[in-house]
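Side chains included, hydrogens not; waters and symmetry mates left out as well; all remaining heavy atoms used.
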Number of protein chains: 2
Amino acid sequence: MRKGIPEKTVQRLLLYYRYLFFLLQQGAKNISSKSLADLLEIKDSQVRKDLSYFGQLGKRGSGYDVLALRDKIANILGIDKETNVCIVGMGNLGSALAAYKGFLALGFRIIAVFDNSKQKFGHKIKGYQCYDINQISKIIEENDIKIAILTVPAEAAQETAIKLEKAGIKAILNFTPVKLSLSKRTKISNVDLALELKTLSFFMGK
Amino acid sequence: MRKGIPEKTVQRLLLYYRYLFFLLQQGAKNISSKSLADLLEIKDSQVRKDLSYFGQLGKRGSGYDVLALRDKIANILGIDKETNVCIVGMGNLGSALAAYKGFLALGFRIIAVFDNSKQKFGHKIKGYQCYDINQISKIIEENDIKIAILTVPAEAAQETAIKLEKAGIKAILNFTPVKLSLSKRTKISNVDLALELKTLSFFMGK
DNA sequence: GACACAATGTGAAATAATTCACAAATATGA
DNA sequence: TCATATTTGTGAATTATTTCACATTGTGTC
Ligand SMILES: NC(=O)c1ccc[n+]([C@@H]2O[C@H](COP(=O)([O-])OP(=O)(O)OC[C@H]3O[C@@H](n4cnc5c(N)ncnc54)[C@H](O)[C@@H]3O)[C@@H](O)[C@H]2O)c1
Ligand SMILES: NC(=O)c1ccc[n+]([C@@H]2O[C@H](COP(=O)([O-])OP(=O)(O)OC[C@H]3O[C@@H](n4cnc5c(N)ncnc54)[C@H](O)[C@@H]3O)[C@@H](O)[C@H]2O)c1
């Protein structure tokens, strides 16, 4: 079922999910690919193509059942079961992310946060007990954590990534502007905020 | 020169820039598309194709001049001149972004930060004087600010975006999980961190 | 139940991005 | 100077993604 599904499709699925969630609260029962597409300013055929990867989810004549489709997408994306994550580097950005409620809404539970500074570990930050980075293997194993959010300074990024991989982390959401070099088995996704801003400004007014 | 350049190309240009910057510090004089590509784990032909949008920047036999290419990319991307930006919503995320040095390294100067809370405006946050959101038109005009980073709560996102557009903002980097509806003239780029994490986890181990 | 309308699902076509592959230019070294 | 090696720049081929277009199925009304 998850063979060769384009990344873009997965991302749009989440956008559909958010709207379906909202529509359900409004009491909507059915929605057509056209209406959903218009809300997102995309083509209706795109919506249908995306959903068609996962079976025949709609009904000709009346469209998609909002509740059923929302739950189907939740299931496809694994929103219906919790995934444990940790944050590594509890500075400005790490602390902000720890406070973000949007992760939990998609099934991500922040289980542990780490830092290497004595000012931080041993204390509570945004409600989370902060652990010493050197304890990471133990805590990751005890809590079945597969995903790490990396928000350490750029200089420490590569060495910390290696620690994460050794500790058993399978995927890293990397906020540092550093190209991490790890084994192919560890999935890395880069969030490069300066790059986003530069791209925006490049195309501004075009 | 900026006609029909793929967004992906612009983004890679910035990655090239960062490496060239670094290579220059190491004293490198020349670099081939192959070496640059290997550093980024992409194809050498991709590097050459990207650069070819902007002229014939290399030299057959010896590759690209590191300094000249870095400066050319800086010029293409406008890193060589400063762009003023503001941050709107100085909560967890807005404050973290205000502290980020990576924006300035690409030519973005945070000129003003805004909030609607009396606890915040009138005070200094991360070294920036925080202004009342209702003063935004005046301050944006006085300081020639064209780009806003939007980090207000989701509920306030759409109304705030409208304020920004009215105040003369031309581009918005939107961190809220809300699809903003504005006129076509305002360029919007969405940074959806929950979506990034979900995409990563979906493809984890695949 | 028949007719008009709505909306899906999906091959085929169009568009976009990446990769190939090679001629042309430059560099190196005997 | 010449032969060999390197490396670019770029059309052509390939691959990925989006959009089209329409047969098919379901809905609603008289
Ligand atoms: N602040 C932002 O808004 C922002 C935006 C984009 C990218 N980033 C990137 O995110 C990273 C963090 O930025 P920040 O502003 O939060 O920095 P910061 O200095 O505020 O925080 C970094 C934290 O990491 C901890 N740390 C340092 N070395 C460590 C190690 N080896 N192991 C574990 N923890 C360690 C520090 O004690 C500190 O708490 C940087 O790489 C930065 O480039 C930040
Ligand atoms: N915290 C994160 O790491 C994170 C991650 C991804 C996305 N986001 C999104 O970013 C936004 C901000 O998140 P946050 O955690 O910083 O929230 P926050 O509540 O800490 O901060 C929001 C700030 O906006 C101010 N504000 C509220 N209404 C305003 C208005 N009308 N005009 C101007 N300012 C206003 C508030 O006073 C507050 O200071 C949210 O939409 C959230 O979904 C946050």
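Using a 4.5 Å heavy-atom threshold, the side chains of A/Lys187 and A/Lys170 count as separate. The side-chain heavy atoms of A/Leu24 and A/Phe21, taken from C-beta on, include no pair separated by under 4.5 Å. No side-chain heavy atom of A/Phe54 sits under 4.5 Å from any side-chain heavy atom of A/Ile73. Residues A/Leu195 and B/Leu15 form a side-chain contact, since some pair of their non-hydrogen atoms from C-beta on lies under 4.5 Å apart.
Listed in residue order, the members of residues 29-40 of chain A having a heavy atom less than 4.0 Å from DNA chain C are A/Ser32, A/Ser33.
Counted by atom type alone, A/Asn30 and A/Lys59 present zero donor-acceptor pairs between their side chains at under 3.5 Å.
With sequence neighbours excluded, no residue forms a salt bridge (charged side-chain N to carboxylate O under 4.0 Å, His left out) with B/Arg70. Every residue was checked against the salt bridge (charged side-chain N to carboxylate O under 4.0 Å, His left out) condition with B/Arg60, not counting sequence neighbours, and none meets it.
Note that CG of B/Asn190 and OG1 of B/Thr176 are 7.5 Å apart. Values are rounded to the nearest 0.5 Å. In this structure, CD1 on B/Ile76 lies 8.0 Å from CG on B/Leu69, to the nearest 0.5 angstrom. Between the CD1 atom in B/Ile42 and the NZ atom in A/Lys179 there is a gap of 10.0 Å [rounded to 0.5 Å].
For A/Leu57 and C/dA7, the CG to C1' distance is 14 Å, given to the nearest whole Å. Across the protein-nucleic acid pair, B/Tyr64 atom OH and C/dT26 atom P stand 14 Å apart, rounded to whole Å. One can place NZ of A/Lys59 at 12 Å from P of C/dG9, the figure rounded to the nearest angstrom.
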Return the polar atom pairs (N/O with N/O) between nucleotides 17-24 of chain C and the protein under 3.5 Å, or none.
| from | atom 1 | to | atom 2 | distance (Å) |
| --- | --- | --- | --- | --- |
| C/dT18 | OP1 | B/Arg12 | NH1 | 3.1 |
| C/dT18 | OP2 | B/Arg12 | NH2 | 2.9 |
| C/dT18 | O5' | B/Gln46 | OE1 | 3.4 |
| C/dA21 | N6 | B/Arg48 | NH2 | 3.3 |
| C/dA24 | N3 | B/Arg60 | NH1 | 2.9 |

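Residue-to-nucleotide proximity on DNA chain D shows that, of A/Gly61 and B/Ser52, the 5′-proximal contact is made by B/Ser52.
Here the range on DNA chain D touched by chain A, meaning any atom under 4.0 Å from one of its heavy atoms, is D/dT17 to D/dT27.
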Side-chain donor-acceptor distances from residues 131-142 of chain A under 3.5 Å, at least two apart:
| from | atom 1 | to | atom 2 | distance (Å) |
| --- | --- | --- | --- | --- |
| A/Asp132 | OD1 | A/Asn134 | N | 2.9 |
| A/Lys138 | NZ | A/Glu142 | OE2 | 3.4 |

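Counting any heavy atom pair closer than 4.0 Å across all strands shown, B/Leu51 reaches no nucleic acid atom.
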